[in-house]
**Q** 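Shown below is the structure under consideration.
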Amino acid sequence: MITIALIAHNNKKTELLNWVKENQQALRQYKLVGTSNTSKLINELLDMNIEPFGHGPSGGDILLAARLLQGQIQKVIFFIDVETPHGHEHDIQTLIRTAVLNNIPIALNRASADLIVLERESRE
């Protein structure tokens, strides 16, 4: 089963929550993992089963990059806040670089997230 990681910066959590709500049916075809706060929020409000794996600023982005390298995650949806500085910017860049270098689809906004999730439905 394909695994998708769901991540959102604090200012983008509501946007990701709304996107997940709109795409619940399509997302149920995947195994979902997410950073601790994002997965907790979505699980509580939408009754989803997103496996938490770590807090972004406390190394969660690096843990995710490692899972990408191990082949455990095949797609990433990361609603990124480019207008707010982040203390763990280097970790974020490592995650993005890891996805790009390993040819793993990574969505950084709603439009690209739609393409990553819905492309599966268009092939069926």
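These numbers come from the heavy atoms of this one structure, side chains and all, not from hydrogens, waters or symmetry mates. Please read these numbers as outputs of a predicted model, since none were measured by experiment. The first residue of the sequence shown is numbered 1, and numbering continues consecutively from there.
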**Q** Let me know which of Leu95, Thr35, Leu64 forms a side-chain contact (heavy atoms from CB on, under 4.5 Å) with Phe78.
**A**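 It is Leu95; the other options fail the test.
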**Q** Indicate if Ile2 and Val20 have the same hydrophobic cluster label, given that clusters are the connected sets of ILVMFWY residues with side-chain heavy-atom separations under 4.5 angstrom.
**A** yes
**Q** For a quick test of reading the model, state the closest non-hydrogen atom pair linking Met1 to Tyr30 and the distance between them.
**A** SD-C, 3.6 Å
**Q** Got a sec, which residues hit side-chain contact (heavy atoms from CB on, under 4.5 Å) with Ala107, two or more places apart in sequence or on another chain?
**A**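 Once residues adjacent in sequence are excluded, the partners of Ala107 under the side-chain contact (heavy atoms from CB on, under 4.5 Å) criterion are Ile77, Ser112, Ala113, Ile116.
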**Q** Could you pull out all residues at least two apart from Thr3 that satisfy side-chain contact (heavy atoms from CB on, under 4.5 Å)?
**A** Lys31, Val33, Ile73, Gln74
**Q** Please name the pair of heavy atoms, one in Ile92 and one in His9, separated by the smallest distance, quoted to 0.1 Å.
**A** CD1-NE2, 3.3 Å
**Q** List in chain and number order the residues that pass side-chain contact (heavy atoms from CB on, under 4.5 Å) with Leu45, two or more places apart in sequence or in another chain; answer none if no residue qualifies.
**A** Leu17, Leu41
**Q** In chain order, what residues pass the side-chain contact (heavy atoms from CB on, under 4.5 Å) check against Asn23, with sequence neighbours excluded?
**A**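 Asn23 satisfies side-chain contact (heavy atoms from CB on, under 4.5 Å) with Trp19, Leu27, Asp114, Leu118 once adjacent residues are dropped.
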**Q** Considering residues at least two apart in sequence or located in another chain, which fulfil the salt bridge (charged side-chain N to carboxylate O under 4.0 Å, His left out) criterion with Arg110?
**A**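 With sequence neighbours excluded, Arg110 shows a salt bridge (charged side-chain N to carboxylate O under 4.0 Å, His left out) to Glu22, given in chain and number order.
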**Q** Among all residues two or more places apart in sequence or in another chain, which pass the salt bridge (charged side-chain N to carboxylate O under 4.0 Å, His left out) test with Lys12?
**A**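 Only Glu15 meet the salt bridge (charged side-chain N to carboxylate O under 4.0 Å, His left out) criterion with Lys12.
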**Q** Show your reasoning for whether side-chain contact (heavy atoms from CB on, under 4.5 Å) applies to Leu68 and Val76.
**A** CA-CA 9 Å; Leu68 292 176; Val76 178; 3.7 Å; yes
**Q** Should the pair Glu51-Arg67 be classified as a salt bridge under the 4.0 Å nitrogen-to-oxygen rule?
**A**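 A salt bridge is present here (some side-chain N lies under 4.0 Å from a carboxylate O).
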**Q** Using a 3.5 Å distance criterion without hydrogens, assess whether the side chain of Asp91 forms a donor-acceptor pair with backbone atoms of Ile62.
**A**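 No, the answer is negative, given that no donor and acceptor are paired below the 3.5 Å cut-off.
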**Q** State whether the side chain of Asn102 and the backbone N or O of Ile104 hold a donor-acceptor pair below 3.5 Å, judged by distance alone.
**A** no
**Q** Within the structure provided, determine whether Ile106 and Ile96 are in side-chain contact (heavy-atom separation under 4.5 Å).
**A**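 In contact.
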**Q** Taking only residues two or more places apart in sequence, or in another chain, which ones meet Glu44 in a side-chain hydrogen bond (donor to acceptor under 3.5 Å, both in side chains)?
**A** none
